[in-house]
> 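Just dropping this structure here.
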Amino acid sequence: AIEAVGSFRSVVRTRVGSPYVIEGMEEAADTDGGRIVGFEANGGVLLGSEVSVNGHSLGRLPTREAVLPILSVLAMAARERISVADLVRRLPLRAALSDRLTEVPAEKGAALAARLATEPAYAASLLAGIGEVAALSTIDGPRFTLESGDVVHYRPSGNAPELRCYVEGATPERAAELLRGGLEAAAKAVR
C-alpha cells in the first residue's frame, strides 16, 4: 500500500531487521533531505528525521516505536472527522500472510533461496501452480511479483532452522491460496 498509494517521493525497501532499516534511513538522510520514516512488519516505526506537526516537533527516533503510528492514525481520523475504518478503506490494501517451514537447515534454505534468485526457469517451475513470475527482487531472499500482482517471498531465517514464506494477495482467500501453495512448493524443494 505504501508504494501503491503514490503519496511518497520515494520508497526504499531494505532487508528485514531494524539495523538495515536504520542504515536505509541514514542513506536517505544523506541524499533526500525530506521526512524519513522507516518501519518493520512487526509494527515498529522509526523516524530518520525530525517531524513537525501543528507546530510541535518530534526528534529522530532510530529505535522501534509502536505508539507513534497509533497516535498518527487517530489524529488523522480526528482531523478529517472520519473513522479509522474509513481511513483504511481509502488505501490500496492487499491481504498479507506469512508462515514458515520448520526443521529446514540453514544451508538448505539458503541454497533454495540462491537457486530461486539465480535460475529463472527453476523459479518458474517451482511457482508454476501458483502464478507466472513478472518480477524478482532479491533484497532479502527471492521476492516474486506475479503477473496478477500477487507476491510470494521466501526468506531463510537468520536465527532458526526454518524457511519463511510471505505472501500478498488481492483478497484474504487468495493470500491463503498463495501461502499454502508457496509452502507446499518449498517443502518439496527442501525435503
Side-chain angles (χ1 to χ4, degrees), residues 1-25 27-28 36-46 48 64 91-102 104-191:
I2 289 172
E3 292 163 330
V5 76
S7 296
F8 305 96
R9 190 175 354 183
S10 68
V11 176
V12 176
R13 288 180 177 261
T14 68
R15 292 182 63 193
V16 172
S18 57
Y20 302 110
V21 175
I22 292 167
E23 180 182 357
M25 291 189 317
E27 289 173 11
I36 300 166
V37 179
F39 71 93
E40 293 189 282
N42 65 9
V45 171
L46 303 96
R64 283 185 237 158
L91 298 172
L93 296 178
R94 300 184 53 78
L97 293 174
S98 66
D99 202 348
R100 69 197 189 289
L101 296 175
T102 59
V104 176
E107 62 277 0
K108 279 193 174 187
L112 175 62
R115 190 168 183 201
L116 288 170
T118 59
E119 296 180 32
Y122 179 71
S125 70
L126 187 113
L127 297 170
I130 300 169
E132 296 210 21
V133 175
L136 167 66
S137 169
T138 58
I139 291 172
D140 202 4
R143 182 183 188 274
F144 298 96
T145 301
L146 306 179
E147 286 184 355
S148 62
D150 296 331
V151 172
V152 178
H153 180 183
Y154 293 106
R155 186 174 153 269
S157 174
N159 60 7
E162 53 191 41
L163 178 69
R164 297 180 181 169
C165 181
Y166 307 91
V167 300
E168 296 174 18
T171 65
E173 296 78 21
R174 177 61 178 153
E177 279 177 29
L178 291 164
L179 186 59
R180 187 173 41 258
L183 288 171
E184 288 172 4
K188 289 177 188 173
V190 296
R191 303 285 183 214

> Within this structure, what is the CG-CD distance for the pair Asp99 and Glu162, rounded to the nearest 0.5 Å?
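Answer rounded to 0.5 Å: 9.5 Å.
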> Does any part of the side chain of Arg191, heavy atoms only, come nearer than 4.5 Å to the side chain of Leu101, both counted from C-beta?
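Leu101 reaches Arg191 side chain to side chain.
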> Going by salt bridge (Lys or Arg N to Asp or Glu O under 4.0 Å), name the residues that satisfy it together with Glu23, two or more places apart in sequence or in a different chain.
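By the salt bridge (Lys or Arg N to Asp or Glu O under 4.0 Å) rule, Glu23 matches no residue at all.
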> Name all residues meeting the salt bridge (Lys or Arg N to Asp or Glu O under 4.0 Å) criterion together with Glu3; count only those two or more places apart in sequence or in a different chain, and write none if there are none.
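In terms of salt bridge (Lys or Arg N to Asp or Glu O under 4.0 Å), with neighbours along the sequence ignored, Glu3 is linked to Arg13.
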> Throw together a table of side-chain donor-acceptor distances under 3.5 angstrom for residues 141-152, partners on residues two or more places apart or in other chains.
from: Arg143; atom 1: NH2; to: Glu168; atom 2: OE2; distance (Å): 3.3
from: Ser148; atom 1: OG; to: Asp150; atom 2: N; distance (Å): 3.3
from: Ser148; atom 1: OG; to: Asp150; atom 2: OD2; distance (Å): 2.9
from: Asp150; atom 1: OD1; to: Arg94; atom 2: NH2; distance (Å): 2.7
from: Asp150; atom 1: OD1; to: Ala170; atom 2: N; distance (Å): 3.4
from: Asp150; atom 1: OD2; to: Arg174; atom 2: NE; distance (Å): 2.7
from: Asp150; atom 1: OD2; to: Arg174; atom 2: NH2; distance (Å): 3.3

> With Glu40, which residues qualify under salt bridge (Lys or Arg N to Asp or Glu O under 4.0 Å), at least two apart?
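Testing Glu40 for salt bridge (Lys or Arg N to Asp or Glu O under 4.0 Å), a comparison that skips the adjacent residues, returns Arg64.
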> To the nearest 0.5 Å, what is the distance between CD1 (Ile22) and CD (Glu27)?
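Going from the CD1 atom of Ile22 to the CD atom of Glu27 covers 12.5 Å.
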> List the atom pairs, donor and acceptor, that lie under 3.5 Å between side-chain atoms in residues 112-121 and the rest of the protein, sequence neighbours left out.
from: Arg115; atom 1: NE; to: Glu119; atom 2: OE1; distance (Å): 3.0
from: Thr118; atom 1: OG1; to: Ala114; atom 2: O; distance (Å): 2.8

> Heavy atoms only: give me the nearest Leu183-Cys165 pair and the separation to one decimal.
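For Leu183 versus Cys165, the nearest heavy atoms are CD2-CB, 3.7 Å.
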> Stepwise, does the side-chain contact (heavy atoms from CB on, under 4.5 Å) test hold for Leu178 with Ile130?
CA-CA 7 Å; Leu178 291 164; Ile130 300 169; 3.4 Å; yes
> Give the minimum heavy-atom separation between Met25 and Val37, together with the two atoms involved.
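Smallest heavy-atom distance, with atoms named: SD-C, 4.1 Å.
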> Could you tell me the separation between the OG atom of Ser157 and the CG atom of Leu163, rounded to the nearest 0.5 Å?
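Between Ser157 OG and Leu163 CG, I get 9.5 Å after rounding to 0.5 Å.
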> Is any side-chain heavy atom of Phe39 closer than 4.5 Å to a side-chain heavy atom of Ile2?
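A side-chain contact under 4.5 Å exists here.
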> Which value, rounded to the nearest 0.5 Å, describes the distance between Ser98 atom OG and His153 atom NE2?
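It comes to 11.0 Å.
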> Sequence neighbours left out, what passes salt bridge (Lys or Arg N to Asp or Glu O under 4.0 Å) with Arg180? Give chain and number order.
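For Arg180, no residue satisfies salt bridge (Lys or Arg N to Asp or Glu O under 4.0 Å) once neighbours in sequence are set aside.
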> With a 4.5 Å cut-off on side-chain heavy atoms, are Pro161 and Val104 touching?
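No, too far: nothing below the 4.5 Å cut-off.
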> Quick check: closest heavy atoms across Thr14 and Gly24, and the distance to 0.1 Å?
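So the two residues come closest at CG2-CA, 4.2 Å.
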> Provide the closest heavy-atom pair for Pro156 versus Gly109 in the form atom of the first, atom of the second, distance.
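Closest approach of Pro156 to Gly109, heavy atoms only: CG-O, 3.5 Å.
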> Atom CZ in Arg155, atom CG in Asp140: separation rounded to 0.5 Å?
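Reported value, rounded in 0.5 Å steps: 5.0 Å.
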> Scan side-chain atoms only and decide if Tyr154 and Arg164 contain a donor-acceptor pair under the 3.5 Å cut-off.
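There is no such pair (donor and acceptor under 3.5 Å, judged by atom type) between the side chains of Tyr154 and Arg164.
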